[in-house]
Every structure is written in C-alpha cells, then in structure tokens.
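Everything below concerns the one structure shown next.
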Amino acid sequence: MHIFKIYEEADLLEYLGKYVAEKGIKTAWINIMGSLIDPVIGYYDTDKGEYTKKELPGFYELVNGTGNVSLKEGKPFIHLHVAVADREGNLYGGHLFGGKVFLVEALIIEVIGAEPLQREKVDGNLWVWMND
Amino acid sequence: MHIFKIYEEADLLEYLGKYVAEKGIKTAWINIMGSLIDPVIGYYDTDKGEYTKKELPGFYELVNGTGNVSLKEGKPFIHLHVAVADREGNLYGGHLFGGKVFLVEALIIEVIGAEPLQREKVDGNLWVWMND
Amino acid sequence: MHIFKIYEEADLLEYLGKYVAEKGIKTAWINIMGSLIDPVIGYYDTDKGEYTKKELPGFYELVNGTGNVSLKEGKPFIHLHVAVADREGNLYGGHLFGGKVFLVEALIIEVIGAEPLQREKVDGNLWVWMND
C-alpha cells in the first residue's frame, strides 16, 4: 500500500505513470483527492467508439479520483476517473485525459502474487481486462 | 481483495449481488468506476422515510461508486452510491437503485475473520449496521 | 482495516477526529458514503491562499468521501473531500469543513509499521506531507 503526495509541476497521469513504472507496479487500485489545474475529461461516445473531450480551465478541487493500474501492450497503464469541483462547489467529471497537479494525495493498493491484469482492445477504443 | 471487470449485459447491482453470494463474501468495501446505462438513483426523503427515485436515461461515465456488502435478513446486501457524468461532464448521483453495465471495473475489499456486519431496520426504510 | 457506521448526532469531522484519536490511528486512508445534513464545503483560492466556504443547507446523500489521516502539529488530522447529492440528483462538493451526520458508513485503512505522515505548513494555508 502506497500513500503519498504529489506536489510539483507535473501532469497527473504522467506522474502516476512514472511512479508505477519505477516501483514495478503492474496491477493496483487507485484512490486520490486534492486539487488539479486545467483538467481534461472525456465521455465515451458509444456510437463513434471514441471519447469526446472537454477542457475545464482553471483550478479545481479534486473531490475524488478512482482508477487502477494494469498492463496495456505490456506497459503499466493508468485508468482514472475524476470528480472535480469549481469555486461554486459544482461538480464535473469523467474519464481523465490530463490535468496539472496542484496538490494531490494518493492511495495505491498494489496487487502482488497474481498474474498482472492485462488489457486487450475490443470494439472501438475500449481496452478491456482479458484475464480477470 | 478482488479486482475484476464486469463486461456483459447485466444490472450492476444484480451482478454484484451474485458475485458476492458465489464467493461467500459477507462483509466488504466496494469501490468501482467505468460506465453505466440508464442508472436509477435515489435520494432519501427523511420526512416520508423513503427514497425518491430518478431515472437517468442514456450512457453515463461512472466516475465513482462507493459502497459495501453486509448481511440484510441473512443475505449479502449491496449498498452503493454512485457519481455519474453525462456527455457534458455534468455529474449526478445518489443511492443506486439500478443501472445496466456497459463496462465496470471493481475493487472489493473483503473483511475476513470477524463477525459479519448485519443490518437491522430502524426508522422508515433505514437499515443500519447493528453489530459494528 | 475499520468498517463502521456513524449514526448519532455529531459533526462528521469531529466524530472521525475522535475515532482516530481513540484508536491511536496516525496515518490512514478514508473512504465513506451515506448521508449528511448541512455540509459546508470549501474551494481553495490560490490567489488569497485561503478557502472560500459554501454552506449547503438541508439533507444530502453523501455519494463519496475520500480522504486521509495524518499528523498536523502532532495531532491526527482528518483531510476529507466529499461529493453530495441533492433531491434532484445534482452533485456538489469540495473540501469538507463540517456537516452533521445523518447516517455514514466508513472505511478506514490504517498504515501500521511506518513513520506517521506529518503535515507542515507551506504557502498560504496549505499543509503538505513532508516525510512521504
């Protein structure tokens, strides 16, 4: 179990990607909170088989991030959904595509001693675990 | 600890209910994310002692689901709250009453070696843990 | 790992603060759901270096609370972000400053056998973990 802060100029997903690569984490659950700048969220358009993206400019409280780590084409891949709050307390969210860290506090619960979870591409741009 | 996907035509709550029954899980914490179709959410009306339900038609990103498993009248019962995002990234949520799975990724942290948590009915339709 | 309900007249943060103090919990991750009355949420104003607060009067489903326990000036401190839903299923949220418990179900995952996480004050009113 890893509990740690991120408090430096970094893209959240890039930071988490490097963190798990360096630690050798292949399968894990992620739970985070804190604050983000300029998050970009996505909604999966099932008709088109691709994500519609939306930029949220400015500072947001990161109310919750829920996701996981698994292997995609052999490399650790971060899948993360977020709920973020604006100054008025309104919440927005979806699939996270990017966002700069202001201050993030993170829990990563690593799964050890089992075959790593692996994603394979199915319809559209969906990558689904195939060995769970 | 169970990390797994749900990727088949199923009601989320029914699927989770079957999963925990088959695995013999009686007490657990649940954390999920993914996407849902036609979720039905509820708000507890304290005056009436019952839930007001709202249907959310269409496809939603499941930004977060937080809940647990405990015994209700001797059977494993899923209590789950969800936050879901529409195409514009607006979030809605509450107590989950139903919703079809599109693709869900789930963490279930099982509690072993302790008396199972049990719900008992109190005022209205509240079922509260009585032995924690 | 602690799974328990809170079902009494209490401020959520005060209750959790007492709980962790009594159990000697110094470092932990928190995940909660349930319902809250009159929550007060905050948004960190980076220009002013302080939180803007907003009161949300009435009953709300507590869709998700994500946070942690660490030491601040030597005492266990609860840092908690929440997403709450109104009667219409609209979600609001941010940094939790207060709120009365209606019924809350909580998971606390304690970190044992490591140096407790400690916060130190940096710019503005940010208290950041310094030893992770």
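FYI, side chains are in, hydrogens and waters are out, and symmetry mates aren't considered; it's all heavy atoms of this structure. Numbers restart at 1 for each chain; the letters A, B, ... are given by sequence-line order, proteins then strands.
- Using a 4.5 Å cut-off between heavy atoms, A:A28 contacts chain B through its backbone alone, with no side-chain atom that close.
- B:L62 touches chain A through its backbone: at least one of N, CA, C or O sits under 4.5 Å from a heavy atom, while the side chain does not.
- Using a 4.5 Å heavy-atom cutoff, the side chains of A:V84 and A:V63 are not in contact.
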Quick one: donor-acceptor pairs under 3.5 angstrom, chain B versus chain A?
from	atom 1	to	atom 2	distance (Å)
B:K5	N	A:D132	OD2	2.5
B:K5	NZ	A:W129	O	2.7
B:K5	NZ	A:D132	OD1	2.7
B:N31	OD1	A:W29	NE1	3.1
B:N31	OD1	A:N31	ND2	3.1
B:F59	O	A:Y43	OH	2.7
B:E61	OE2	A:Y44	N	2.7
B:L62	O	A:H81	ND1	2.8
B:N64	ND2	A:N64	OD1	3.4
B:N64	ND2	A:T66	OG1	2.8
B:R87	NH1	A:D45	OD2	3.0
B:E88	O	A:K54	NZ	2.8
B:G89	O	A:G93	N	2.9
B:E105	OE1	A:N68	ND2	2.8
B:E105	OE1	A:H79	ND1	2.9
B:E105	OE1	A:R119	NH2	3.1
B:E105	OE2	A:R119	NH1	2.9
B:E105	OE2	A:R119	NH2	3.2

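- What you find for B:L96 and B:G98 is that their closest heavy atoms are CD1-O, 3.4 Å.
- Using a 4.5 Å cut-off between heavy atoms, A:L56 does not touch chain B at all.
- Pairing each heavy atom of A:I32 with each of A:A106, the nearest pair is CG2-CB, 3.4 Å.
- When heavy atoms are compared at a cutoff of 4.5 Å, A:L126 approaches chain B solely by way of its side chain, counted from C-beta outward.
- We find the CG-CG distance between A:L117 and A:L71 to be 8.0 Å, quoted to the nearest 0.5 Å.
- Qualifying side chain to side chain contact (heavy atoms under 4.5 Å, CB included) partners for B:V20, counting only residues two or more places apart in sequence or in other chains: B:I25, B:V69, B:P76, B:I78, B:I108.
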Stepwise, does the side-chain contact (heavy atoms from CB on, under 4.5 Å) test hold for A:L16 with A:I6? CA-CA 9 Å; A:L16 290 173; A:I6 313 174; 4.0 Å; yes
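- Put simply, CZ on A:F97 and CG on A:L13 are 9.5 Å apart, with the number rounded to the nearest 0.5 Å.
- Nearest heavy atom pair, residue A:G58 against residue A:P39, reads O-CD, 4.1 Å.
- Using a 4.5 Å cut-off between heavy atoms, A:L91 contacts chain B through both its backbone and its side chain.
- Interface residue B:L107: backbone and side-chain heavy atoms are both found under 4.5 Å from chain A.
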